[in-house]
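Right, one structure below, let's go through it.
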Amino acid sequence: MEKNPKKHEIALTKLKENETGTVSSIRTAHGRGRTFEKRLMDMGLTPGTKITVVKSAPFHGPIEIRVRGSRLAVGRGMAERILVEKDEE
């Protein structure tokens with residue numbers, strides 16, 4: 001009996017332009033967990049949500065993503081803590 005292989009989680013910052021993924025989990029920053037999670041949930045970023053990277057600004061600038069039909073700009077620090085499972089092409 002084969003076990004399902006664990007899906008590979010990567011930081012949102014690792015997705016390239018036009019790549020899509022599904023939010024799998026969110027790493028909270030020490031001491032700011034609930035506020036950070038609530039902010040992301042208010043933006044529609046919850047586990048299981050499909051996202052697409054629209055544009056990645058140069059020099060470690062923000063990442064523009066499409067989520068639930070809206071476009072959002074997410075700072076690199078925040079994007080590093082959003083873990084996604086990259087969709088297969």
Side-chain angles (χ1 to χ4, degrees):
M1 182 150 121
E2 287 185 37
K3 293 182 178 181
N4 289 339
K6 185 175 180 178
K7 297 220 176 191
H8 184 64
E9 290 183 326
I10 59 172
L12 174 58
T13 54
K14 301 296 182 193
L15 290 181
K16 297 181 176 119
E17 290 182 15
N18 298 313
E19 287 186 330
T20 61
T22 302
V23 177
S24 56
S25 63
I26 297 166
R27 291 184 294 194
T28 57
H30 180 68
R32 299 186 333 186
R34 291 282 179 205
T35 304
F36 180 69
E37 280 185 76
K38 182 173 180 346
R39 184 171 177 197
L40 291 177
M41 289 172 73
D42 289 346
M43 292 173 18
L45 290 166
T46 56
T49 303
K50 292 275 191 192
I51 60 173
T52 302
V53 173
V54 176
K55 187 174 183 181
S56 185
F59 306 110
H60 299 288
I63 297 172
E64 184 181 349
I65 60 173
R66 186 177 313 113
V67 57
R68 299 181 191 255
S70 298
R71 287 186 177 198
L72 303 172
V74 179
R76 290 275 170 168
M78 187 179 283
E80 279 289 331
R81 298 194 306 259
I82 301 169
L83 300 179
V84 299
E85 293 172 3
K86 182 179 170 184
D87 290 349
E88 297 301 318
E89 304 285 317

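Basis for what follows: all heavy atoms, side chains included, without hydrogens, waters or symmetry-related copies. This is a predicted model, so every value here is computed, not measured.
Taking 4.5 Å as the limit, some side-chain heavy atom of V74 sits within range of a side-chain heavy atom of M43. Considering only heavy atoms from C-beta on, T46 stays 4.5 Å or farther from V23 through its side chain. Counting heavy atoms from C-beta outward, I63 and L15 have side chains that stay 4.5 Å or more apart.
Checked options I65, V54, T52; the residue passing with R71 is V54 (criterion: side chain to side chain contact (heavy atoms under 4.5 Å, CB included)).
Tracing side-chain contacts under 4.5 Å through hydrophobic residues (I, L, V, M, F, W, Y), one never reaches L83 starting from L45; they form parts of separate clusters. Under the 4.5 Å side-chain heavy-atom criterion for grouping Ile, Leu, Val, Met, Phe, Trp and Tyr, M41 is not connected to L12 through any hydrophobic cluster.
Here NE2 of H8 is found 10.0 Å from CD of E85. Values are rounded to the nearest 0.5 Å. In this structure, CG in L72 is found 10.0 Å from CE in M78, a value given to the nearest 0.5 Å. Atoms CD1 and CZ, on I51 and R66 in that order, are 11.5 Å from each other to the nearest 0.5 Å.
Between K16 and V53, the closest heavy-atom pair is O-CB, 3.5 Å. Annotation for S24 and P47: closest pair O-CB, 3.9 Å, computed over non-hydrogen atoms. For G44 against R68, the heavy-atom pair with the smallest separation is O-NE, 3.0 Å.
Side-chain contact of T13 with R76: a donor-acceptor pair under 3.5 Å is absent, judged by distance alone. For the residue pair S56 / E17, no side-chain donor-acceptor distance below 3.5 Å is found, with atom types taken as modelled.
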